[in-house]
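Keep in mind that what you see is a predicted model, and the values were worked out from it rather than measured.
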Amino acid sequence: MTAKLGGVYVQSTICGLEAREQGFDEAIFLNMEGRVARARPERLIVKDGVLITTAGRNPSSRHHPDEPPGDRPGPRLQDRVRAITKSDFFGADEAFYCGTAVEVIPIVTVTDGSDPAGPGERRVIGTGKPGPVALRMIPAFQDAVSGRDPATTSG
């Protein structure tokens, strides 16, 4: 039997290992146009009250991030599916990963390593602390996957 190892998950794993070897928590990819690449876990940003993603609805949850589950309070957000540039990402009010394996993880700083010859400039996202949307998403995600949110249970 012969097999070929390839695909986005493999690239993501290899680059994630490289990032961790350099002291970072994770790698964020840029596509050939220099925009934030669509990947798993999904990277979402919030700017001026608008949730922006390259993938549309949160693929890891039956709840859309702009819809507070059940009777959970919180403002509804507009959402946009579009390309995310580096400038968008660096200028976001908040950013976070969202996916089945990572759940919801706020991104508070990012180092631009897109130029391998460059020094890698560290940028703070928003206030440098987890933002209100990510903080609202964390318990909503946990409620959904644990079955505590009746809107996400089947039956």
Side-chain angles (χ1 to χ4, degrees), residues 7-69 72-146 149 152:
V8 176
Y9 284 117
V10 175
Q11 291 172 334
S12 177
T13 299
I14 291 169
C15 289
L17 289 170
E18 275 185 30
R20 286 184 282 286
E21 283 176 4
Q22 295 176 23
F24 301 101
D25 295 315
E26 189 53 77
I28 297 172
F29 298 93
L30 300 178
N31 63 20
M32 296 299 286
E33 291 83 30
R35 297 180 179 130
V36 175
R38 183 175 176 180
R40 299 293 183 264
E42 188 59 44
R43 292 96 168 119
L44 297 102
I45 66 170
V46 177
K47 182 68 177 173
D48 299 326
V50 178
L51 181 74
I52 304 168
T53 178
T54 58
R57 288 186 171 257
N58 175 359
S60 304
S61 172
R62 289 172 45 191
H63 268 297
H64 193 281
D66 70 347
E67 300 167 357
R72 188 173 289 110
R76 294 192 182 277
L77 296 172
Q78 294 179 2
D79 66 321
R80 297 284 180 270
V81 178
R82 66 168 177 81
I84 298 173
T85 65
K86 285 193 320 182
S87 295
D88 292 334
F89 199 88
F90 297 150
D93 298 328
E94 63 179 294
F96 52 94
Y97 291 111
C98 186
T100 304
V102 300
E103 299 185 2
V104 178
I105 300 176
I107 302 169
V108 296
T109 61
V110 64
T111 300
D112 183 0
S114 60
D115 178 2
E121 183 178 352
R122 183 176 183 265
R123 310 250 185 162
V124 174
I125 305 296
T127 64
K129 296 180 180 174
V133 175
L135 291 175
R136 202 172 83 218
M137 287 289 295
I138 292 168
F141 186 97
Q142 292 169 348
D143 288 349
V145 298
S146 69
D149 183 347
T152 60

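Distance check, rounded to the nearest 0.5 Å: OG1 of Thr54 to CZ of Arg35 gives 11.5 Å. Rounded to the nearest 0.5 Å, atoms SG (Cys15) and CZ (Phe29) are 4.0 Å apart.
For Lys129, the salt bridge (Lys or Arg N to Asp or Glu O under 4.0 Å) test picks out no residue, with sequence neighbours left out. With sequence neighbours left out, the side-chain contact (heavy atoms from CB on, under 4.5 Å) criterion links Ala19 to Phe24, Ala27. Under the rule for a side-chain contact (heavy atoms from CB on, under 4.5 Å), the partners of Glu94 that lie at least two apart in sequence or sit in another chain are Val46, Phe96, Pro132, Val133, Ala134.
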Show every donor-acceptor pair shorter than 3.5 Å between a side-chain atom in residues 85-92 and any protein atom, with sequence neighbours excluded, or say none if there are none.
residue : atom : partner : partner atom : Å
Thr85   : OG1  : Ser87   : N            : 3.4
Thr85   : OG1  : Asp88   : N            : 2.9
Thr85   : OG1  : Asp88   : OD1          : 3.4
Thr85   : OG1  : Asp88   : OD2          : 3.1
Lys86   : NZ   : Asp112  : OD2          : 3.2
Lys86   : NZ   : Ser114  : OG           : 2.8
Asp88   : OD2  : Arg82   : NH1          : 2.9
Asp88   : OD2  : Thr85   : N            : 3.0

Which atom pairs, donor and acceptor, lie under 3.5 Å between side-chain atoms of residues 115-125 and protein residues at least two apart or in another chain?
residue : atom : partner : partner atom : Å
Asp115  : OD1  : Ala117  : N            : 3.1
Glu121  : OE1  : Arg123  : NH2          : 3.4

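For the pair Pro106 and Ile138, the minimum side-chain heavy-atom distance is below 4.5 Å. Residues Ile84 and Ile45 form a side-chain contact, since some pair of their non-hydrogen atoms from C-beta on lies under 4.5 Å apart. For the pair Ile52/Asp79, no side-chain contact is recorded, criterion being any heavy-atom separation below 4.5 Å from C-beta on.
Heavy atoms only, all atoms of each residue included: Val104 and Cys98 are closest at CG2-SG, 4.1 Å. Across every non-hydrogen atom of Pro139 and Leu135, the tightest pair is CD-O, 2.9 Å. When all heavy atoms of Gly128 and Val108 are compared, the closest pair comes out as O-CB, 3.4 Å.
Under the salt bridge (charged side-chain N to carboxylate O under 4.0 Å, His left out) criterion, the residue pairs touching residues 11-20 are Arg20-Glu26, with sequence neighbours excluded.
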